[in-house]
Amino acid sequence: MTFPHIPQHIVQGRNVWQPCFFAEQDYQRYLMELREVCLREGCRVHAYVFMTNHAHLLATPCASGQIARVMQALGRRYVRYINDRYRRTGTLWEGRYKSCLVDGYRLRCYRYIELNPVRARMVASLAD
C-alpha cells in the first residue's frame, strides 16, 4: 500500500546471479525511463543506485497507488527495451518490487543506498 507524501525505499531486481543491467547503456535507459514515468506520475525520486542485478530507489509518492503505477510502467518499458536489445523474451525481474516506508529514517536510507556499491565492492569509494 502506498501512503501519499511518505518516502519509500524500493528494491527491484533479479536473483543474485542474474544481471538486469548488461551494459552502461542499460543503466542510462533505466534512468531515463524512471525519470519519464516519475515526471508523468508526479512521484519524486530522492536517491537511487543501480547495481548489476537490482536497483534501489528512495521515492515519495504524491498519491495513493502511485508507487505501484510507477514501478509497473517502468518495468514494462525497461523489460521491453532489454528484450528487444538482447533478442530475448520473458520477464526480467524476480517477482514484484519490494518497498518499505522510511519516514523516520530517511537520511539513514540515503546513506544505505549511496554506500551499496561500495559495500558490494563494485567501486572503491563513494566518489566512484
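Counting begins at 1 with the first residue of the sequence.
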K.L.:
Checking Y78 against N83: is there a side-chain donor and acceptor pair closer than 3.5 Å?
P.N.:
no
K.L.:
S125: which residues meet the side-chain contact (heavy atoms from CB on, under 4.5 Å) condition with it, sequence neighbours left out?
P.N.:
A127, D128
K.L.:
Under 4.5 Å between any side-chain heavy atoms of R77 and E36, yes or no?
P.N.:
yes
K.L.:
Are side-chain heavy atoms of S99 and V11 found at a separation under 4.5 Å?
P.N.:
no
K.L.:
For atom CZ of R108, is the number of surrounding heavy atoms from other residues, nucleotides or ligands below 6.0 Å larger than 12?
P.N.:
no
K.L.:
How long is the gap from CG on N53 to CD on Q18, to the nearest 0.5 Å?
P.N.:
9.5 Å
K.L.:
What distance separates R35 CZ from R40 CZ, expressed to the nearest 0.5 Å?
P.N.:
14.0 Å
K.L.:
In Å and rounded to the nearest 0.5 Å, what is the CG to SG distance from L57 to C38?
P.N.:
7.5 Å
K.L.:
Return the minimal non-hydrogen interatomic distance between A68 and R96, and the atom names on each side.
P.N.:
CB-NH2, 4.0 Å
K.L.:
Does any non-hydrogen side-chain atom of C62 lie less than 4.5 Å from one of H5?
P.N.:
yes
K.L.:
If I take atom OH from residue Y30 and atom SG from residue C20, how far apart are they, to the nearest 0.5 angstrom?
P.N.:
7.5 Å
K.L.:
Can you list the residues that meet the side-chain hydrogen bond (donor to acceptor under 3.5 Å, both in side chains) rule with R69, with sequence neighbours excluded?
P.N.:
E41
K.L.:
Is there a side-chain contact between L101 and P7 in this structure, where contact means two heavy atoms from C-beta onward sitting under 4.5 Å apart?
P.N.:
no
K.L.:
Does R121 have more than 12 heavy atoms from other residues, nucleotides or ligands lying within 6.0 Å of its CZ?
P.N.:
no
K.L.:
How long is the straight-line distance from CD of Q12 back to CZ of F50, given to the nearest 0.5 Å?
P.N.:
10.0 Å
K.L.:
Which atom pair, heavy atoms only, marks the closest approach of P4 to A63?
P.N.:
CG-C, 3.9 Å
K.L.:
Compare every heavy atom of L92 with every heavy atom of R88, then report the nearest pair and how far apart it is.
P.N.:
NH1-CD1, 4.1 Å
K.L.:
Where do P117 and E114 come nearest, in terms of heavy atoms and distance?
P.N.:
CD-O, 3.5 Å
K.L.:
Show the nearest heavy-atom pair for residues P61 and I6, with the distance to one decimal.
P.N.:
CD-O, 3.4 Å
K.L.:
Run the side-chain contact (heavy atoms from CB on, under 4.5 Å) test against R76 and tell me which residues pass, sequence neighbours left out.
P.N.:
Q72, R80
K.L.:
If you group Ile, Leu, Val, Met, Phe, Trp and Tyr whenever their side-chain heavy atoms sit less than 4.5 Å apart, what else falls in with Y105?
P.N.:
V49, M51, L58, V102, L107, Y110, Y112, I113, M122
K.L.:
Suppose we screen for side-chain hydrogen bond (donor to acceptor under 3.5 Å, both in side chains). Which residues come up paired with R29, at least two apart in sequence or across chains?
P.N.:
E33
K.L.:
Going by heavy atoms in the side chains, are H54 and R14 under 4.5 Å from each other?
P.N.:
no
K.L.:
In Å and rounded to the nearest 0.5 Å, what is the CG to CE distance from L74 to M32?
P.N.:
10.5 Å
K.L.:
Taking all heavy atoms of A59 and all of I67, pick out the closest pair and write down the distance.
P.N.:
CB-CD1, 4.2 Å
K.L.:
For F22 and I82, run side chain to side chain contact (heavy atoms under 4.5 Å, CB included): C-alpha distance rounded to whole Å, both residues' side-chain angles, the deciding distance at 0.1 Å, then the answer.
P.N.:
CA-CA 9 Å; F22 303 92; I82 289 293; 3.9 Å; yes
K.L.:
Does a side-chain heavy-atom distance below 4.5 Å link Y97 with I10?
P.N.:
yes
K.L.:
Taking side-chain contact (heavy atoms from CB on, under 4.5 Å) as the definition, give me every residue that meets it alongside R44, ordered by chain and number, with sequence neighbours left out.
P.N.:
H46, T60
K.L.:
Carefully, step by step, assess Y86 and D26 under the rule side chain to side chain contact (heavy atoms under 4.5 Å, CB included).
P.N.:
CA-CA 11 Å; Y86 296 102; D26 302 339; 2.7 Å; yes
K.L.:
Answer yes or no: are there more than 12 heavy-atom neighbours, outside Y48 itself, under 6.0 Å from its atom OH?
P.N.:
no
K.L.:
Between Q25 and R85, do the side chains contain an N or O donor and an N or O acceptor separated by less than 3.5 Å?
P.N.:
yes
